[in-house]
Amino acid sequence: MNAVEQLQQSIKDTLKAAINQAGLVEADTEVNIHLETPKDKANGDFATNVAMQLTKLAKKPPRAIAESILENVNTEGTDIEKIEIAGPGFLNITVRKDFLAGVVKAAFEQGENYGRSTAGAGEKVQVEFVSANPTGDLHLGHARGASVGDSLCNVMDFAGFDVSREYYINDAGNQINNLAYSLEARYKQALGMDAEMPEDGYHGPDIIAIAGKLAEEFGASILDKTEEERFKFFREHGLKLELAKLQNDLKNFRVEFDVWYSETSLYENGKIDVALEKLKSNGHVFDEEGATWFRSTTFGDDKDRVLIKNDGSFTYLTPDIAYHEDKLRRGFDKLINIWGADHHGYIPRMKAAIEALGYERETLEVEVIQMVQLYKNGEKFKMSKRTGNAVTMRELVEEVGLDAVRYFFVKTAGDSHMDFDLDLAVSQSNENPVYYAQYAHARISSILRAASEQGFEASLENLNLLVAEKEEDVLKKVGAFPQIVADAAKHRTPHRIANYIQDLAAAFHSFYNAEKVLNQDNKELTEARLALITAVKTTLANALKLIGVSAPEKM
RNA sequence: GUCUCCAUAGCUCAGCUGGAUAGAGCACACGCCUUCUAAGCGUGCGGUCGUAGGUUCGAAUCCUACUGGGGACGCCA
C-alpha cells in the first residue's frame with residue numbers, strides 16, 4: 001500500500017469511527033466511504049459524500065449527518081488537519097502539509113519503481129492483442145490495438161498483475177490458401193510472366209515484396225515443382241516471411257509478445273478434437289443439415305453456430321474455442337482479448353463457448369477497440385487490405401513519428417470512435433501533445449544538469465520548505481500516480497495514464513514559470529526543489545514508459 | 001429489421017464505481033524571454049452535455065423511447 005492509499009484508508013477509518021460513535025447507523029452496517037479529489041482545491045485535499053449517502057439509513061438531512069460526524073470525529077494522531085462541511089453536505093478534508101513531503105521521498109527513493117503497486121495481487125492475466133492475419137501489412141486499426149494493448153499490459157504489470165502478452169497467428173484456414181495463391185501469382189509476375197491474381201487475393205505491396213525476394217533467391221526453379229509442391233512452398237515461405245515482417249514491425253513499434261501462438265499447432269496436437277469432445281460430452285453439440293453445430297443459444301448467443309461445415313472442415317470458431325480452452329488450461333485467472341469493433345459481434349459466441357467448456361463466463365473479458373477513421377486532404381480515406389492502398393502502421397510511424405503515434409492512439413479511450421487527420425498529425429507534429437510532456441521531462445533534465453554544474457545536489461532534508469502553491473500542486477499530482485496506475489489497470493483504461501501525464505506536465509510547467517529552482521542565495525530551498533523536480537522527472541519517465549513513449553533528456 | 005458502440009466548446013477529446021461553478025489541447029484575442037529550454041506560462045472568448053421523459057437529496061454519468069453516425073448480423077476469417 002502506498003503513502004496516499006494509507007492516508008486515504010486512515011481517513012476512511014477515522015470517519016467510520018465517527019459515524020459509529022455518532023450512532024448514525026446500526027453497529028454492524030458496512031459503510032462504504034468514497035473519497036474523491038475535489039476539482040477545486042478550495043474544497044480541500046479530499047472530499048467525501050458519505051453524509052449524503054447516509055440520508056436514508058440515518059433518516060436525517062445530509063448537513064445534520066455531517067455535523068453529527070464532525071462532532072464525533074477524532075483526528076488526533078492522524079494526518080488530517082481539518083474537516084469542513086460544505087455545499088449540500090460534503091465533508092472536505094484538508095491534510096497536514098508535511099504529509100506531501102513524503103510523496104517526494106517516495107518518488108525519489110523508489111525511482112523507476114515509483115508507482116508500482118500490488119493492487120493486482122499477482123492475478124494471472126493473459127492479454128491477446130493485434131493477432132492480425134499474416135496476409136498483409138498492419139494498418140491503422142492494428143496500430144491502435146497495439147498501442148492500447150501494449151500500454152494496458154504495461155499498466156497492469158506495474159499495478160501488480162502477472163501479465164502475459166500473446167499474439168494468435170491465424171496460420172490455418174482459407175486466408176492462408178489465398179496467401180499462397182497470391183504469392184505464386186506475384187512470384188510469376190516478378191519473373192516477368194503473365195499471372196492473374198486470385199479473385200480473393202491479397203494485393204498488398206508486402207506480398208509483392210516477398211515474391212520479389214523469393215524470385216531473387218530461387219530464380220525460376222519453383223516453377224518446375226508440382227502444383228502441390230508449389231502450394232506448399234508458397235504457403236510456408238509466405239507465412240514465414242509475413243510473420244517475420246509482423247514481428248519486426250511490432251518490435252519497431254515497441255511491442256513485444258511473450259507468446260506467438262500458432263493456430264496450426266492446434267490442429268497438429270489434437271487440441272481441437274479435445275475441445276470438441278468436451279463440448280460434446282457437456283451436451284452442447286448437435287448435427288443438422290450435414291454440419292455440426294454448437295448450441296451457443298443456451299448461453300445467450302442469438303443463434304447457434306456451425307463448428308464443422310458440411311465439407312468436413314472447421315469454421316474459424318472451432319480452433320478459436322480450442323485456443324481459449326488451451327489458454328484456460330494454462331492457468332490464467334483472466335483472459336483479456338483486445339478486438340477491433342468489427343469483431344464485436346463475435347463476443348457472445350466466444351463467451352458462450354467459455355461457459356460451455358465449464359468455465360466462468362467472466363473469465364473472458366473482451367475490450368473492443370473502435371474503428372479509426374482516417375482523413376487525408378480533408379476526405380475520408382478507406383482502409384482496405386485487399387486494395388493495397390491502405391496506410392500501414394509502418395508508414396504512419398515514418399510520417400508522424402513513433403512517440404506521437406503511440407501517444408495519439410493511447411490518449412483516447414478505446415471504446416470511442418476516433419478520427420485521425422493524417423495531414424494534421426504530420427504538419428503539426430511539433431504541436432502534438434506528446435511533446436508537451438516530453439518537453440517537461442527535458443526541461444527538468446536540463447535544470448538538473450545545470451544544478452550539477454553549480455554544485456547543487458538534491459536533498460530530502462528540507463522538504464518542509466516546499467510550501468509554494470505551485471509546489472503543492474505538483475506534489476499532489478506526483479502523489480496521485482500509484483493510484484492512477486492502479487485505477488487504470490483495474491478499469492482497463494490505459495488512456496488515463498496519458499491524461500495524467502498531461503496533468504503532471506502542466507503542473508510542472510506552471511511551477512517552472514512561477515518559481516526558479518536554482519538559487520545561489522538559498523541552498524536549502526534549491527536542494528529541496530531539486531528533490532521535487534527529480535520526483536517529477538521520475539514520475540514522468542515512469543508514466544511515459546507505461547504508454548511506450550520515450551522520455552528525452554534533451555529536446 | 002435485430003444487436004452493439006458512440007453523440008460534451010468552432011475542431012480533436014477528457015470527465016474516476018452518480019456529486020459542488022462540466023475540463024484540456026488546437027483555433028481565436030491580449031499579455032510574459034538581460035533570469036534554470038518560449039515545443040513554455042498567464043488572462044480572455046467559447047456549452048440547451050443529440051432530443052424527450054424517468055429514477056433521487058442530486059444526472060454529462062443510471063433506465064426507457066426517439067434522432068443521427070460507426071460497426072456487426074456467413075457452413076468467411
Side-chain angles (χ1 to χ4, degrees), chain A residues 32 34 36-40 42-43 47-49 52-53 55-56 61-63 86-90 92 133 135 170 172-176 178 200 263 289-293 302-303 305-317 320 340-348 368 370-371 373 408 411-413 415-421 424 428-440 442-451 453-454 456 483-484 487-488 490-491 493 495-496 498-499 502-503 505-506 508-519 526 529 533 554-555:
Chain A
N32 187 19
H34 175 62
E36 61 181 57
T37 309
K39 280 172 235 158
D40 187 343
N43 289 327
T48 179
N49 58 354
M52 279 111 91
Q53 285 181 331
T55 47
K56 277 193 180 145
R63 286 194 68 106
F90 285 101
N92 291 338
N133 289 347
T135 54
N170 295 117
N174 277 336
Q175 80 279 5
I176 297 305
N178 277 332
D200 294 324
E263 179 185 0
E289 296 172 14
T292 302
W293 296 68
D302 54 2
K303 56 182 84 160
R305 308 293 172 178
V306 171
L307 293 169
I308 306 175
K309 302 180 226 172
N310 57 19
D311 70 357
S313 65
F314 297 127
T315 62
Y316 177 81
L317 177 64
D320 212 13
D342 53 340
H343 285 82
H344 90 278
Y346 195 77
I347 297 172
V368 172
Q370 289 296 335
M371 304 277 101
Q373 180 63 61
F408 193 88
K411 84 181 171 66
T412 309
D415 61 2
S416 80
H417 303 269
M418 178 173 176
D419 291 341
F420 194 112
D421 186 330
L424 194 76
Q428 297 200 342
S429 63
N430 277 2
E431 290 174 5
N432 190 302
V434 71
Y435 296 105
Y436 181 80
Q438 292 184 315
Y439 185 53
R443 258 185 163 174
I444 294 171
S445 306
S446 175
I447 298 173
L448 294 177
R449 283 192 295 271
E453 284 165 19
Q454 294 174 30
F456 289 116
Q483 193 61 48
I484 297 278
D487 285 347
K490 182 181 169 196
H491 295 283
T493 49
H495 76 274
R496 289 191 199 182
N499 291 332
Q502 286 305 294
D503 288 348
F508 169 74
H509 282 310
S510 184
F511 158 75
Y512 177 90
N513 277 272
E515 313 285 347
K516 196 158 187 311
V517 175
L518 303 179
N519 181 355
T526 295
R529 283 183 171 164
I533 67 170
K554 280 183 185 173
M555 281 176 79

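Scope of the values below: all heavy atoms of this structure, side chains included, with no hydrogens, waters or symmetry mates.
Using N1 to N3 plus N6-O4 or O6-N4 for Watson-Crick, or N1-O2 and O6-N3 for G-U wobble, each under 3.5 Å, B:C66 pairs with B:G50. Across every strand in view, B:A29 sits in a pair with B:U43 that passes the Watson-Crick or G-U test at under 3.5 angstrom. With a cut-off of 3.5 Å on both Watson-Crick or G-U wobble distances, the partner of B:A9 is given as none. Under the Watson-Crick or G-U wobble criterion, with both distances below 3.5 Å, B:U56 has no partner in any strand shown. With a cut-off of 3.5 Å on both Watson-Crick or G-U wobble distances, the partner of B:A22 is given as none.
Residue A:Glu515 is in base contact, counting any heavy-atom pair closer than 4.0 Å across all strands shown. Nucleic acid contact for A:Asp415: sugar-phosphate only, since backbone atoms but no base atoms lie under 4.0 Å from a heavy atom of the residue. If you check every strand for non-hydrogen atoms under 4.0 Å, A:Arg305 touches nothing. Nucleic acid contact for A:Gln502: none, since no nucleic acid atom lies under 4.0 Å from a heavy atom of the residue. Residue A:Asp302 is classed as having no contact, given no heavy-atom separation below 4.0 Å to the nucleic acid. Among the protein residues, A:His491 comes within range of the sugar-phosphate backbone only, with heavy atoms under 4.0 Å from sugar or phosphate atoms but none that close to a base. Using a 4.0 Å heavy-atom distance criterion, A:Lys554 is classed as a base contact. At a threshold of 4.0 angstrom between heavy atoms, the contacts of A:Ala47 include nucleobase atoms, whether or not backbone atoms are also involved. Using a 4.0 Å heavy-atom distance criterion, A:Thr412 is classed as a sugar-phosphate-only contact. Using a 4.0 Å heavy-atom criterion, one finds that A:Ala341 contacts the sugar-phosphate atoms exclusively.
Of the candidate nucleotides B:G70, B:G19, B:A20, B:G19 has the atom lying nearest to any side-chain atom of A:Gln53. The side chain of A:Arg443 has B:G40 as its nearest neighbour among B:A77, B:C75, B:G40. Side-chain proximity of A:His417 to B:C36, B:A77, B:G69: nearest is B:G69. Distances were taken from every side-chain heavy atom of A:Tyr512 (C-beta onward) to each of B:A72, B:C13, B:C36; the shortest belongs to B:C36. Of the candidate nucleotides B:A20, B:A77, B:U4, B:A77 has the atom lying nearest to any side-chain atom of A:Tyr316. Comparing atom distances between the A:Ala291 side chain and each of B:C36, B:C75, B:G42 picks out B:C75 as nearest.
Of the residues near RNA chain B, A:Val517 and A:Ala506, the one whose nearest nucleotide (by heavy atom distance) lies more toward the 5' end is A:Val517.
Counting to the nearest Å, the P atom of B:U56 and the CE atom of A:Met52 are 17 Å from each other. For the pair A:Phe511 CZ and B:G40 P, the interatomic distance rounds to 18 Å; values are reported in whole Å. Across the protein-nucleic acid pair, A:Asp342 atom CG and B:C76 atom P stand 18 Å apart, rounded to whole Å. One interatomic measurement links the two molecules: NZ of A:Lys516 to C1' of B:C32, which rounds to 17 Å at whole-angstrom precision. The separation between A:His509 atom NE2 and B:A24 atom P is 16 Å, rounded to whole Å. In this structure, the CZ atom of A:Phe508 is 10 Å from the C1' atom of B:G40, given to the nearest Å. Look at CD on A:Gln373: it is 17 Å from P on B:C11, rounded to the nearest Å. The separation between A:Asp320 atom CG and B:C76 atom P is 16 Å, rounded to whole Å.
Without hydrogens or angle criteria, A:Glu263 side chain to A:Gly173 main chain gives no donor-acceptor distance under 3.5 Å.
Within 6.0 Å of the NZ atom in A:Lys309, the count of heavy atoms belonging to other residues, nucleotides or ligands exceeds 12.
For B:C28, the base is anti relative to its sugar; the glycosidic angle deviates from 0 by more than 90°.
Judged by ring centres under 5.5 Å apart and planes tilted less than 30 degrees, A:Phe90 stacks against the six-membered base ring of B:A20.
Close to B:A14, at under 4.0 Å from its OP1 or OP2, lies a side-chain N or O of A:Ser416.
Atom OG1 of residue A:Thr412 and atom CG of residue A:Asn499 lie 8.5 Å apart, to the nearest 0.5 angstrom.
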